[in-house]
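Data first, discussion second: the structure below is written as structure tokens.
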Amino acid sequence: MIFFLIIGFSIVANDTPNDAGGSILITTYNIPEGTQKIELYRLAKGDTIYEEAGLIPPRGECEDVSVVDGVEYLYRVRAITEDTFYVAETKEFISSSPQWFNRTRITVLLFFILFGGVVLVYIELAKKNPKGLFIRKLPALDAIDEAVGRSTEMGKPVLFVPGLEGITDAGTLASITILEKVGKRVAEYGSRVIHPNFDPIVMTTAQETLKTAFSEAGRPDAFNKDDVFYLTYEQFGFAAGVDGIMLREKPGAIFLQGYFYAESLILAETGYSIGAIQIAGTNATTQLPFFVAACDYVLLGEEMFAASAYISREPRLLGSIKGSDLAKLAILCLIGAGVIFGTFAVIANNAGNPSYLGIFNRVLDFIARGNG
Amino acid sequence: MLEILSVWIAGGLTLCIFSFLYGDNPVYKFAEHLYVGFSAAYWLIYVWHFTIKQMVINPIAARDPGAWMLIIPLFFGFLMLSRWLPEKYSWISRWSIAFTVGIGAGLVTIGQIQGLLLPQLRATILPLATGKWTTNINNFIIIIGTTTTLTYFYFSRKDTGIMSRFSRIGIAFIMIALGAAFGYTVMARVSLLIGRMVFILGNWFHIVKPL
Amino acid sequence: MKKRVPLLITFITGFIVIVSFFVPHRPFGALETETLIWYSIILGFTLLIGVDSLVRLHTRQIRRKKKGWWYSIVFFAGFFYCLTIGIISLIRTPNPFQPGTVFFYGYETILIPLQSTMFALLAFFVASASYRAFRARNLDATLLLITAVIVMIGRVPAGHKLWTRLPGIANWVFDVLQMGPMRGIMIGVALGAVAMSLRLILGIERTYLS
Amino acid sequence: MNGNKKNFWDLINSISREIIYTILGIVVIIPLLIGIKEEVQISPAVEAAYKTIESLDSTDVVIVSIDYDPSSMPELQPMLKAILRHTFENNIKVIMMAFLPLGLPVGTEGLEEVAREYEKVYGEDYINLGYRPGDRAVMIDMGKEIRNFFRTDVNDIPLDSYPMMRDIHNYNDIALIIGLEHGRVGEFWIQYVGSRYNQRIVLGVTGVMAAETYPYLQSGQIEGLIGGLKGAAEYETLIKKPGFGLTGMAAQSWAHIAIVMFIIIGNIGYFMTRRKQGRL
């Protein structure tokens with residue numbers, strides 16, 4: 001057998017990092033010109049003949065996934081050109097093994113632990129002192145009193161639409177706490193709240209919530225269970241139904257709180273046309289623009305959760321809000337520091353000192369992939 | 001013949017739905033109920049073919065080495081059906097709900113941190129001394145847009161001070177973003193209307209080139 | 001049993017999913033895709049529950065002759081029609097979800113027009129709401145509407161005819177101006193979702209069990 | 001004088017719903033009937049998508065994923081055809097798959113149509129893997145071996161019997177993923193494939209999703225973004241092969257002008273009556 005060992009053509013075999021084992025990473029360098037295919041051969045320790053292990057694609061890198069963990073191998077490649085072939089071999093035995101930790105994911109783990117820790121600590125703190133956590137003013141929340149008040153003055157009822165999602169949706173849950181506050185005001189002012197529903201379970205929960213709210217306001221008898229009713233489960237059927245209620249009952253204040261889909265703008269339009277004060281809130285980002293354009297006050301996405309934490313003073317909600325806030329602060333600081341350092345690094349690089357730019361890029365890589 | 005019939009049915013149903021523009025009416029209600037009924041059965045066929053057959057029956061029939069593990073989802077799946085039992089037993093379905101909630105929560109945690117939070121954070125760290133001044137300005141606007149928005153959604157703060165001022169800039173940026181989304185959403189709805197109109201004019205009445 | 005076991009189940013499954021992300025070693029590494037498949041299977045059963053409750057609702061409507069009960073008959077007509085063609089296609093062909101089957105034919109003539117027209121309707125509602133309800137009532141709404149108008153005009157050929165630089169401005173709005181706040185909103189939502197997931201896994205959030 | 005004015009603004013304020021609907025209907029139908037052709041301006045996001053695909057070699061293989069169903073066809077089908085024309089023109093090999101079962105038939109239709117145009121051979125130049133349920137699970141496992149989920153193609157024929165699939169095992173062998181999205185699957189591609197496997201991705205999305213996809217473009221998690229029917233029209237312009245996207249542009253244009261006019265008229269009416277009320 002005639003073959004050439006040419007200088008430069010070489011092969012490196014390593015255990016594939018961060019995997020579940022059973023794989024060795026083969027890389028070839030300086031593939032000879034005119035190579036048509038590269039054949040891979042493997043010799044297990046103790047064996048005498050190299051066995052075939054497939055082809056290496058033209059880019060010169062592949063994973064041998066037919067290896068057994070713990071068995072040691074030598075590798076040989078043959079680069080075949082039209083008239084001859086070239087050979088390269090590994091000198092040391094290599095074996096594959098599974099890893100216990102995927103090191104490329106270290107940043108994810110760090111973020112997870114830090115963020116999770118902060119949230120948990122603040123939930124505990126909020127349990128001890130629920131009044132202690134401050135939440136900034138939310139105009140939409142302040143507007144509830146005014147809206148219910150004016151509606152009562154005009155002798156009109158209040159309409160509360162809880163959105164189209166089930167009870168598991170975070171937006172629906174927030175909507176229920178906001179309903180609690182609305183219900184109390186309505187009871188105090190001696191007005192009435194109409195609550196059409198898309199989901200039967202949300203309906204039962206809303207009934208309970210309003211009942212409690214009316215009792216707490218000292219007017220349990222004023223609550224009419226029939227004002228909280230089930231409408232339909234069809235999206236546009238629901239929209240048509242609520243439209244009908246708006247036109248018939250002419251509510252003075254309308255609350256659109258919860259998760260909405262495309263029907264959002266139909267509801268907001270009719271509400272606007274009857275001249276009601278509209279206070280909307282949704283965690284459906286795509287529907288927010290329509291609410292902002294057609295309603296008087298809007299709770300934008302996360303503001304809904306802050307509002308419900310503010311009203312209910314539930315430690316788990318307060319703690320999460322505070323935890324997320326700290327994470328945001330950390331992100332802000334990282335962005336600030338990163339931008340300043342990055343700008344400095346670029347300037348230094350332009351002045352002929354590339355070392356800072358190198359550090360900067362490695363930090364960025366570390367954040368996004370974790371292999372800095 | 002079948003082709004023509006189907007285009008006429010499809011066209012008729014299209015008009016039924018469009019009749020909603022003149023208010024909720026029996027024709028629309030008819031089409032809507034047909035839709036709900038049809039899609040309910042459609043999903044039954046879907047679950048049978050893609051979930052039960054491909055994910056459960058096929059691996060078991062092929063004697064996949066890992067097929068025995070399917071006992072776990074099947075167990076929880078059947079527990080879900082306890083909803084059909086009287087209230088005394090129906091609480092068992094919570095076990096399966098808990099199972100899906102657990103998987104969902106785990107996935108969200110990992111997916112959002114690795115796929116969104118970290119890469120988006122990295123992408124906001126933009127140097128402001130690139131060679132082109134327009135890039136510098138754009139980078140600056142992106143940084144300010146992101147940071148002020150984050151400040152707006154920073155809730156545990158007082159209503160005065162620097163944070164408050166930043167958050168006021170933030171809300172202006174948020175409104176611009178919502179306006180852009182608004183514009184694109186309107187565009188999408190119009191495109192779908194064009195699609196339907198081309199169906200009516202083209203596929204149905206052959207006046208224009210069909211889709 | 002009623003609360004503790006589900007909380008434990010949520011904790012264990014959530015924990016396994018997270019651990020399997022970080023640990024490639026057996027048995028964890030492979031568990032991640034496995035649990036995802038389990039997830040789909042259980043969701044299949046959930047769907048069964050949903051369909052069942054619809055069927056019950058409409059049976060009740062018909063039996064009690066409630067107002068509009070004949071619409072429930074339409075529901076069943078659609079339901080059984082689809083079910084029948086679905087079963088026929090399942091028996092006759094290896095994959096009913098392919099052009100050429102009766103099931104696909106029914107899908108094409110009924111579901112497609114109904115579904116796509118529903119969304120086409122919205123174009124009309126947007127137009128009507130634009131005239132009747134979208135008001136520049138305060139600074140926020142004004143900014144929103146101005147951006148929307150720039151985008152709507154700048155993104156179509158008319159914008160270029162109106163002012164040749166308008167498309168460029170609309171592009172800049174997307175690439176730069178709205179990009180930052182959109183990212184901020186997304187980061188906020190993601191943090192909220194992760195916090196919520198943690199509460200679920202650790203059993204602090206239990207509303208879904210009530 | 002004052003009386004006349006009041007009447008005018010009242011009129012402006014009281015255009016009925018029916019008239020609005022009719023106007024919109026007309027401005028959409030007329031351009032379609034006349035068949036007006038419009039030119040579109042190219043946006044950087046679409047150009048980036050075009051350049052990414054243009055930079056590929058003829059030895060490269062791309063995945064085209066159909067993650068929409070017929071309800072979004074008017075927006076995404078023209079995009080699919082334009083992209084396929086581009087890839088086939090450049091002799092790039094295409095693997096199609098779907099993560100929405102009902103997207104598969106529309107995708108197949110588009111693929112076969114364009115493949116015929118370019119006389120491409122099934123199994124050599126393109127292949128259709130079909131639909132598999134369990135989106136994220138499939139995506140993650142494809143990083144190890146495509147055959148874990150797709151042992152066979154859409155017609156139940158083993159992948160290994162096709163010449164173009166012989167050396168293709170996982171994302172290492174895929175130059176680019178092109179996802180056509182109308183829901184959450186696009187996010188899954190970014191979060192579960194882009195982030196984990198360092199895979200290059202280009203997305204085509206519906207208008208509703210476009211705005212919130214831009215941050216992924218700027219962060220480099222996707223390399224190009226085609227948004228809505230306008231995006232499709234731009235792509236058709238870039239490859240110089242007009243299709244439905246460009247056909248629809250005139251109607252799109254007129255409808256946008258109508259809607260903008262509605263907003264302006266509505267607001268003028270609103271401010272005039274408010275001023276009047278203020279004075280009274």
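Here the structure is a predicted model, which means the values were calculated and not measured. Throughout, protein chains are lettered first and strands after them, A, B, ... in sequence-line order, and every chain is numbered starting at 1.
- Heavy atoms of C/V126 lying under 4.5 Å from chain B belong exclusively to its side chain.
- B/M80 and C/I49 get closest at one heavy-atom pair: O-CD1, 3.4 Å.
- Per-residue heavy-atom pair counts under 4.5 Å with chain C were compared for B/G195, B/S93, B/A188, B/P26, and the maximum is reached by B/P26.
- Here the CZ-OG1 distance, from C/F21 to B/T109, works out to 11.0 Å after rounding to the nearest 0.5 Å.
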| said: B/L192 vs C/S116, test: side-chain contact (heavy atoms from CB on, under 4.5 Å). Steps then yes/no. | reply: CA-CA 7 Å; B/L192 295 187; C/S116 36; over 6 Å; no

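- Contact annotation for B/L34: both backbone and side-chain heavy atoms come within less than 4.5 Å of a heavy atom of chain C.
- Between the side chain of C/Y105 and the main chain of B/L2, a donor-acceptor pair closer than 3.5 Å is present.
- Contacts between B/L116 and chain C at a heavy-atom distance below 4.5 Å involve the side chain alone, from C-beta outward.
- For B/F205, the CZ atom counts as densely surrounded, since its 6.0 Å shell holds more than 12 non-hydrogen atoms of other residues, nucleotides or ligands.
- C/E34 touches chain B through its side chain: at least one heavy atom from C-beta onward sits under 4.5 Å away, while N, CA, C and O do not.
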| request: Assess whether side-chain contact (heavy atoms from CB on, under 4.5 Å) is satisfied between C/F124 and B/L193, documenting all intermediate values. | output: CA-CA 9 Å; C/F124 290 104; B/L193 177 62; 3.6 Å; yes

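- Neither the backbone nor the side chain of B/W8 comes within less than 4.5 Å of any heavy atom of chain C.
- In terms of heavy-atom pairs under 4.5 Å with chain B, the best-connected choice from C/A77, C/S197, C/G184 is C/S197.
- Separation of atoms OG1 (B/T147) and CD1 (C/I187) is listed at 10.0 Å; rounding is to 0.5 Å.
- Put simply, the side chain of C/F45 does not reach to within 4.5 Å of the side chain of B/V47, judged on heavy atoms.
- No other option in B/L150, B/I9, B/L70, B/I103 has as many heavy-atom pairs under 4.5 Å with chain C as B/I103.
- Atom CE of B/M175 sits about 10.0 Å away from atom OG1 of C/T147, to the nearest 0.5 Å.
- The two residues B/A98 and C/P6 have their closest heavy-atom pair at CB-O, 3.2 Å.
- Taking CD1 of C/I73 as the start and NE2 of B/H33 as the end, the distance is 11.5 Å to the nearest 0.5 Å.
- Using a 4.5 Å cut-off between heavy atoms, C/V74 contacts chain B through both its backbone and its side chain.
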| From CA spacing to verdict: side-chain contact (heavy atoms from CB on, under 4.5 Å), B/I141, C/W172 | CA-CA 11 Å; B/I141 294 172; C/W172 181 74; 3.5 Å; yes

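- For a residue to count as touching a neighbouring chain, one of its non-hydrogen atoms must lie under 4.5 Å from one of that chain's; by this rule C/I185 touches chain B with backbone and side chain alike.
- Of the listed residues (C/L47, C/L8, C/V19, C/T35), the greatest number of heavy-atom pairs within a distance under 4.5 Å of chain B belongs to C/L47.
- Of the listed residues (C/E108, C/H58, C/M118), the greatest number of heavy-atom pairs within a distance under 4.5 Å of chain B belongs to C/M118.
- C/R183 and B/T146 are not linked by any side-chain donor-acceptor pair at a separation below 3.5 angstrom, with hydrogens and angles left out of the test.
- What you find for C/T109 and B/S6 is that their closest heavy atoms are CG2-CB, 2.7 Å.
- Residues C/V17 and B/G106 come closest through the heavy atom pair CG1-C, 3.7 Å.
- With hydrogens and angles ignored, the 3.5 Å screen pairs no side-chain donor or acceptor of C/T10 with any backbone N or O of B/V101.
- Between B/G183 and C/V151 the shortest heavy-atom distance is CA-CG1, 4.1 Å.
- With respect to chain B, the highest number of heavy-atom pairs below 4.5 Å among C/G78, C/P181, C/G106 belongs to C/P181.
- For B/F153, the part lying under 4.5 angstrom from a heavy atom of chain C is the side chain only.
- Proximity of C/L36 to B/L107: side-chain heavy atoms (C-beta onward) are separated by under 4.5 Å at one or more points.
- Using a 4.5 Å heavy-atom threshold, the side chains of B/L44 and C/F79 count as touching.
- In this structure, chain B has no heavy atom under 4.5 Å from any part of C/R199.
- For the set B/T149, B/I45, B/I52, the count of heavy-atom pairs under 4.5 angstrom toward chain C peaks at B/I45.
- For B/F50, the part lying under 4.5 angstrom from a heavy atom of chain C is the side chain only.
- Contact annotation: the side chain of B/M55 approaches that of C/S40 to within less than 4.5 Å [non-hydrogen atoms, C-beta and beyond].
- Contact of B/A181 with chain C is made through the side chain alone, with heavy-atom distances under 4.5 Å.
- Looking at C/N95, the atoms closer than 4.5 Å to chain B (heavy atoms on both sides) sit in the backbone and in the side chain alike.
- In this structure, chain C has no heavy atom under 4.5 Å from any part of B/F75.
- Atom-to-atom distance recorded for B/Q54:CD and C/I41:CD1 is 11.5 Å, nearest 0.5 angstrom.
- Here the straight-line distance linking atom CD1 of B/I174 with atom CD of C/Q178 works out to 12.5 Å at 0.5 Å rounding.
- With a threshold of 4.5 angstrom between heavy atoms, B/I176 approaches chain C through its backbone and through its side chain.
- Only the side chain of C/I85 comes within contact range of chain B, with heavy atoms under 4.5 Å apart.
- Taking chain C as the reference chain and counting heavy-atom pairs below 4.5 Å, the highest number among B/R83, B/Q114, B/R189 is found for B/R189.
- In this pair, C/Y81 and B/F38 present their aromatic rings tilted. The plane angle is within the 30 to 60° band.
- Among B/V108, B/T100, B/I194, the residue with the largest count of heavy-atom pairs under 4.5 Å with chain C is B/T100.
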| task | Take C/W38 and B/F76 through the side-chain contact (heavy atoms from CB on, under 4.5 Å) test and state the conclusion after the steps. | result | CA-CA 9 Å; C/W38 299 350; B/F76 284 108; over 6 Å; no

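- Using a 4.5 Å cut-off between heavy atoms, B/L13 touches chain C through backbone and side chain atoms alike.
- The minimum heavy-atom distance between B/Q112 and C/A190, with the atom names listed, is OE1-CB, 3.1 Å.
- Both the backbone and the side chain of C/L114 come within less than 4.5 Å of a heavy atom of chain B.
- If you measure heavy-atom distances from B/T124 to chain C, the contacts under 4.5 Å come from both the backbone and the side chain.
- Taking the centre of each ring, B/Y42 and C/F97 come in below the 6.0 Å mark.
- The residue among B/F20, B/F30, B/W84 with the most heavy atom pairs within less than 4.5 Å of chain C is B/W84.
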| query | Given the rule in the ring-ring contact (aromatic ring centres under 6.0 Å, His included) test, do C/F134 and B/F182 qualify, once you have shown the distances and angles that lead to the verdict? | reply | CA-CA 11 Å; C/F134 296 157; B/F182 179 115; 5.2 Å; yes

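- Ring pair B/Y184/C/F174: centre-to-centre distance below 6.0 Å.
- With a threshold of 4.5 angstrom between heavy atoms, B/F78 approaches chain C through its backbone and through its side chain.
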